[in-house]
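Quick caveat: nothing in here was measured; it's all calculated off a predicted structure.
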Amino acid sequence: MAGAVKDAFLDFDEGADNIIRATGATGDAAKELTQSYANVSKTIVGDFADIGDALGEVNTRFGFTGKELEDTTTQFLKFADITGTDAKKAVELVSRAMNNAGISTENYSEILDEFAKASQISGITVDKLAENLTKNGATMRQLGFNTDETIAMLAQFEAAGVNSETALAGLKTAVKNWANEGKNANDEFHNVVDAIRNA
């Protein structure tokens with residue numbers, strides 16, 4: 001029994017150490033983060049190291065503290081469990097995609113919902129979805145697609161067996177060519193779609 005308690009304490013301590021390594025926090029800031037970690041650990045069943053990693057990453061990338069940090073970390077941990085992804089990696093990829101699209105950090109919950117839904121419908125991994133969104137978001141915005149629509153299209157590519165990387169590379173080339181010709185990418189794209197529909 002004593003050995004089990006000791007092991008649990010060491011595991012908990014490892015998670016706390018991960019937070020300090022990730023954030024570089026010291027003094028009162030470190031104490032506050034450690035308390036938030038303890039609060040999340042009471043409500044989430046999971047590996048302490050994973051909880052610490054996720055909380056440290058949320059703090060670093062979103063700048064959240066206190067209750068907001070705890071709620072966001074909890075949501076990312078649940079998201080990771082549902083989608084079969086690593087929580088720390090999910091925070092990194094989702095925050096990067098949001099930054100690329102100019103989406104406010106406070107809207108992370110909506111993006112998580114879109115990613116989870118698209119992943120479950122299409123079978124595409126969240127990692128791949130987020131990476132494709134970051135890589136191709138600017139192109140899709142030039143074509144008139146918002147973030148939700150882009151996520152849905154990426155998922156549809158996967159569900160239909162279309163190689164999304166090839167398709168998006170083609171769209172990126174088309175956007176570049178249209179720009180060189182002084183044409184509006186959004187207009188030209190819709191002209192192509194209309195031509196396909198009418199063929």
Side-chain angles (χ1 to χ4, degrees), residues 44 50 53-54 57-58 60-64 68 71-181 183-199:
I44 291 288
D50 291 343
D53 281 339
E57 199 71 15
V58 170
T60 300
R61 293 185 177 273
F62 289 83
F64 296 160
E68 189 173 31
D71 291 345
T72 305
T73 301
T74 298
Q75 195 155 350
F76 265 102
L77 287 163
K78 290 179 178 178
F79 169 80
D81 184 52
I82 291 169
T83 59
T85 59
D86 175 77
K88 178 182 177 183
K89 185 73 170 176
V91 176
E92 175 191 339
L93 292 174
V94 170
S95 66
R96 189 182 299 161
M98 290 176 65
N99 286 337
N100 178 268
I103 298 171
S104 172
T105 55
E106 65 191 27
N107 295 323
Y108 75 89
S109 184
E110 297 167 21
I111 299 300
L112 290 185
D113 288 344
E114 291 298 325
F115 274 135
K117 183 168 61 176
S119 177
Q120 289 169 347
I121 290 172
S122 67
I124 186 173
T125 66
V126 170
D127 289 5
K128 185 175 180 182
L129 194 56
E131 286 171 358
N132 279 343
L133 178 62
T134 300
K135 191 186 303 180
N136 300 286
T139 298
M140 298 306 291
R141 287 191 292 277
Q142 284 181 283
L143 295 172
F145 291 90
N146 63 29
T147 300
D148 291 352
E149 292 166 339
T150 299
I151 291 172
M153 178 172 279
L154 291 170
Q156 287 173 1
F157 282 160
E158 192 71 20
V162 174
N163 185 314
S164 58
E165 291 182 12
T166 301
L168 291 165
L171 285 174
K172 193 174 285 189
T173 299
V175 167
K176 182 179 178 181
N177 291 340
W178 288 328
N180 289 339
E181 295 168 9
K183 296 177 179 178
N184 182 285
N186 190 359
D187 292 341
E188 293 302 317
F189 177 73
H190 285 93
N191 289 339
V192 170
V193 172
D194 289 341
I196 293 171
R197 283 177 180 159
N198 296 328

Might you work through the side-chain contact (heavy atoms from CB on, under 4.5 Å) test for F64 and D71, ending with a clear yes or no? CA-CA 10 Å; F64 296 160; D71 291 345; over 6 Å; no
Can you list the residues that meet the side chain to side chain contact (heavy atoms under 4.5 Å, CB included) rule with [X], with sequence neighbours excluded?
X	answer
N184	N186, D187
D127	T85, K89, L93, T125
N107	I103, S104, E110

List the steps and the verdict of side-chain contact (heavy atoms from CB on, under 4.5 Å) for E181 and E188. CA-CA 11 Å; E181 295 168 9; E188 293 302 317; over 6 Å; no
By side chain to side chain donor-acceptor pair (under 3.5 Å), which residues pair with [X], not counting sequence neighbours?
X	value
T166	N163
N136	none
K78	none
E92	R96

Would you compute the distance between atom [atom1] of [X] and atom [atom2] of [Y] and round it to the nearest 0.5 angstrom?
X	Y	atom1	atom2	answer
L171	W178	CG	CH2	7.0 Å
D86	E57	CG	CD	9.5 Å
T60	K88	OG1	NZ	9.0 Å
I151	L133	CD1	CG	5.5 Å

Give the minimum heavy-atom separation between A87 and L77, together with the two atoms involved. CB-CD2, 3.7 Å
Check T134 against A97 and note the closest heavy-atom contact, atom names and distance. OG1-CA, 3.3 Å
Check whether any side-chain heavy atom of N99 lies under 4.5 Å from a side-chain heavy atom of R61, and answer yes or no. no
Report the C-alpha distance between K172 and K135 in whole Å, list the side-chain angles of each, state the deciding distance to 0.1 Å, and finish with yes or no for side-chain contact (heavy atoms from CB on, under 4.5 Å). CA-CA 10 Å; K172 193 174 285 189; K135 191 186 303 180; 4.3 Å; yes
Quick one: ring-ring contact (aromatic ring centres under 6.0 Å, His included) partners of F157, sequence neighbours excluded? none
Could you list all the salt bridge (charged side-chain N to carboxylate O under 4.0 Å, His left out) pairs where at least one residue sits in residues 141-157, not counting sequence neighbours? none
Acceptor/donor pairs from residues 111-124 side chains to any protein atom, 3.5 angstrom cut, sequence neighbours excluded:
{"unit_1": "S119", "atom_1": "OG", "unit_2": "I124", "atom_2": "O", "d": "2.8"}
{"unit_1": "S122", "atom_1": "OG", "unit_2": "A118", "atom_2": "O", "d": "2.7"}
{"unit_1": "S122", "atom_1": "OG", "unit_2": "I124", "atom_2": "N", "d": "3.2"}

For residues 78-100, which residue pairs pass the ring pair (Phe, Tyr, Trp, His ring centres under 6.0 Å) check, not counting sequence neighbours? none
Tell me whether the rings of Y108 and F62 are parallel (<30°), tilted (30 to 60°) or perpendicular (>60°). perpendicular
Do L154 and K128 pass the side-chain contact (heavy atoms from CB on, under 4.5 Å) test, and can you show the C-alpha distance, the side-chain angles, and the key distance before you say yes or no? CA-CA 10 Å; L154 291 170; K128 185 175 180 182; over 6 Å; no
Residues in salt bridge (Lys or Arg N to Asp or Glu O under 4.0 Å) contact with K176, at least two apart in sequence or another chain: none
